[in-house]
Amino acid sequence: MHAVEVKQLNKSFGKTVILNDIDLEMEAGGFTVLLGPSGCGKSTLLRLIAGLEDVTSGQVIIGGKDVTLADPKDRDIAMVFQSYALFPHMTVAENIGFGMKINKKPADLIARRVKEVSEMLQIEHLLDRTPAQLSGGQRQRVAIGRALMRQPKVFLFDEPLSNLDAKLRGEMRLELKKLHANLDSTIIYVTHDQIEAMTLATKIVLLNKGIPQQIGTPYEIYNQPANIFVAKFVGAPQINLLKGTLHKKDDSWGVLVNNTWIPVKDYNFTSKPVEDRKVIFGIRPEHVTQSPLNSHFELNLPISAFEMTGSETLAEFDMFGMPLRAKLDANIQIRNGDRLDLHLNLQNVSIFCAATEERI
């Protein structure tokens, strides 16, 4: 059974459409990430599932029960907000146990659950402190602990790591992944950060302008993007997109990019290829290297710009007036204008229709 379903869900504010006919199924025990740019409707979708916003039309189903009109307290969900939403005058223990206290649960049960949850999150030594005495990461753990106390069917996370610095975000991502594995819980998680989505999700729902652009595993989203928007949104540095036309040579299809024919004989077309069809050829920078291993095609191009990041060198080449980005060895000695032999691994390329921008 699906933990959460939304059926033909619509949300409008006046004449402004925020979500348009959304149909989603989120599996029990899964980690579903709602991903997309600011204003795409992902937080609104989460709030509709939580019951914090009214649905314009459609259904929200949790655990097989239609909760479209139900109050948030009757949906068996727990939500963790971006702002932590902790009570400043309460200790960590009081914040974590607050929900059970207002529900008049026995004090010994509350104390036992607070101990269990705080040990799971490794904050048992902080129970007597107030939020003002905690770091951002510690406050977020307290907010998660308060949600865990309820033992709900579904956890909802609304950009919980966005207030943390880069190092702490990385640490908290790992903690959330461990937490999900230990609890075997259902999590729906909102973020605009593609790294969070790729590392945490069992399923990604990538939204743009209130419409899902692609729903799939991180592997599918990254390696088989449904359209150019998906291809560009996920991946850093951004995917290379080269204008060309389809051309058949010796019974093999390829993409002709400014008179250079790039073979794509192993590419799985979603529709029948047509000679001279205008296309966009996509290849990610990590598949453009100096290594001849797994090489399917070779080019010699001049460097137009580069930057050294420590772990690798990111370089941009001039490919017949179009930029081609590549990931090179960290210790390479190069200058702008140098020409290098580049090897293209064509196993994970994408081809899009130039007119519709959809994968073909």
Side-chain angles (χ1 to χ4, degrees), residues 1-9 11 19 22-34 41-87 94-107 109-118 120-121 140-160 175-191 200-203 205:
M1 184 175 69
H2 301 295
V4 179
E5 295 177 75
V6 296
K7 296 183 177 180
Q8 296 183 310
L9 197 66
K11 178 63 180 177
L19 295 169
I22 305 289
D23 284 294
L24 290 176
E25 296 175 342
M26 305 173 206
E27 294 79 10
F31 198 126
T32 300
V33 173
L34 307 180
K42 56 189 184 294
S43 287
T44 300
L45 177 54
L46 194 76
R47 292 175 68 82
L48 292 177
I49 294 170
L52 300 177
E53 298 276 0
D54 293 330
V55 169
T56 301
S57 64
Q59 286 180 291
V60 177
I61 299 168
I62 297 178
K65 179 183 176 183
D66 189 337
V67 297
T68 310
L69 301 178
D71 288 337
K73 65 182 176 59
D74 298 324
R75 298 191 180 207
D76 201 9
I77 55 99
M79 191 159 181
V80 179
F81 296 92
Q82 176 181 345
S83 60
Y84 316 138
L86 302 178
F87 296 108
E94 289 168 339
N95 266 285
I96 293 174
F98 180 74
M100 291 185 72
K101 183 178 180 181
I102 62 171
N103 285 322
K104 297 182 169 54
K105 299 296 182 183
L109 176 61
I110 296 174
R112 186 168 69 251
R113 287 287 296 142
V114 168
K115 184 174 184 295
E116 290 171 358
V117 167
S118 62
M120 183 187 302
L121 295 171
Q140 193 56 272
R141 287 172 192 248
V142 175
I144 292 170
R146 188 172 55 191
L148 290 175
M149 289 287 284
R150 293 194 56 194
Q151 299 178 302
K153 283 191 176 75
V154 182
F155 291 97
L156 307 179
F157 288 81
D158 190 5
E159 304 208 46
E175 292 303 318
L176 284 171
K177 202 168 183 70
K178 289 179 183 175
L179 183 65
H180 178 246
N182 291 336
L183 292 175
D184 193 26
S185 55
T186 301
I187 293 176
I188 304 174
Y189 186 103
V190 164
T191 185
L200 292 173
T202 56
K203 175 193 282 186
V205 180

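Only heavy atoms go into these numbers, but all of them, side chains included; no hydrogens, no water, no symmetry mates. This chain uses plain numbering: 1 for the first residue, then up along the sequence.
For the atom pair CG (Leu9) and CG (Asp23), the distance works out to 8.5 Å, reported to the nearest 0.5 Å. Lys11 NZ to Leu48 CG: the interatomic distance, rounded to the nearest 0.5 Å, is 6.0 Å. Rounded to the nearest 0.5 angstrom, Thr191 OG1 and Asp158 CG are separated by 9.5 Å. Atoms NZ and OG, from Lys7 and Ser57 in turn, are 14.5 Å apart once rounded to the nearest 0.5 Å. Between Leu34 atom CG and Leu24 atom CG the span is 7.5 Å, to the nearest 0.5 Å. Here Leu176 contributes atom CG and Phe155 contributes atom CZ; the two are 11.0 Å apart, rounded to the nearest 0.5 Å.
Smallest separation of non-hydrogen atoms from Val80 and Ala147: CG2-CB, 3.7 Å. Of all heavy-atom pairs between Pro72 and Gly51, the closest is CG-O, 3.4 Å. A pairwise comparison of heavy atoms in Met120 and Leu179 identifies SD-CD1, 3.5 Å as the closest pair. When every heavy atom of Phe157 is checked against every heavy atom of Leu46, the shortest pair comes out as O-CD2, 3.6 Å. Nearest heavy atom pair, residue Thr44 against residue Leu19, reads CG2-CD1, 4.1 Å. Taking both residues in full, the closest heavy atoms of Met79 and Ala50 are given as SD-CB, 3.9 Å, listed atom of the first, atom of the second, then distance.
Looking at Arg146, its side chain never comes within 3.5 Å of a backbone N or O of Phe98 through a donor-acceptor pair. At least one donor-acceptor pair closer than 3.5 Å links the side chain of His180 to the backbone N or O of Ser185. For the pair Asp66 (side chain) and Ile61 (backbone), a donor-acceptor distance under 3.5 Å is absent. The main-chain N or O of Ala3 is never found under 3.5 Å from a side-chain atom of Thr186 such that the two would form a donor-acceptor pair. For Thr202 (side chain) and Gly30 (main-chain N/O), no donor-acceptor pair under 3.5 Å exists by modelled atom type. Looking only at distances, no side-chain donor or acceptor of Arg75 sits under 3.5 Å from a matching main-chain atom of Ile62. Remark: the backbone N or O of Lys203 is not paired with any side-chain donor or acceptor of Thr32 at under 3.5 angstrom. In terms of modelled atom types and a separation under 3.5 Å, the side chain of Asp74 and the main chain of Ala70 share no donor-acceptor contact. Counting only distance, with no hydrogens or angles, the side chain of Arg150 and the backbone of Gly99 share no donor-acceptor pair below 3.5 Å.
Under a cut-off of 6.0 angstrom, the local environment of CG in Asp71 is crowded, with over 12 non-hydrogen atoms contributed by other residues, nucleotides or ligands.
By the 4.5 Å heavy-atom criterion applied to side chains, Lys42 and Glu159 are counted as neighbours. No side-chain heavy atom of Ile144 sits less than 4.5 Å from a side-chain heavy atom of Pro160. No side-chain heavy atom of Lys153 sits under 4.5 Å from any side-chain heavy atom of Ile77.
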### Chi angles and distances behind the side-chain contact (heavy atoms from CB on, under 4.5 Å) call for Leu183, Leu148
CA-CA 9 Å; Leu183 292 175; Leu148 290 175; 3.2 Å; yes
### Task
Would you please test Asp76 and Val154 for side-chain contact (heavy atoms from CB on, under 4.5 Å) and show each step?
CA-CA 7 Å; Asp76 201 9; Val154 182; over 6 Å; no
### Query
Yes or no on side-chain contact (heavy atoms from CB on, under 4.5 Å) for Gln8 and Gln59, after CA distance, side-chain angles and deciding distance?
CA-CA 7 Å; Gln8 296 183 310; Gln59 286 180 291; over 6 Å; no
### Task
Using the side-chain contact (heavy atoms from CB on, under 4.5 Å) rule, take Ile49 and Val4 through it: C-alpha gap first, then chi angles, then the decisive distance, then the call.
CA-CA 8 Å; Ile49 294 170; Val4 179; 4.2 Å; yes
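Evaluation of the salt bridge (charged side-chain N to carboxylate O under 4.0 Å, His left out) rule for Arg47 yields Glu53 as partners, not counting sequence neighbours.
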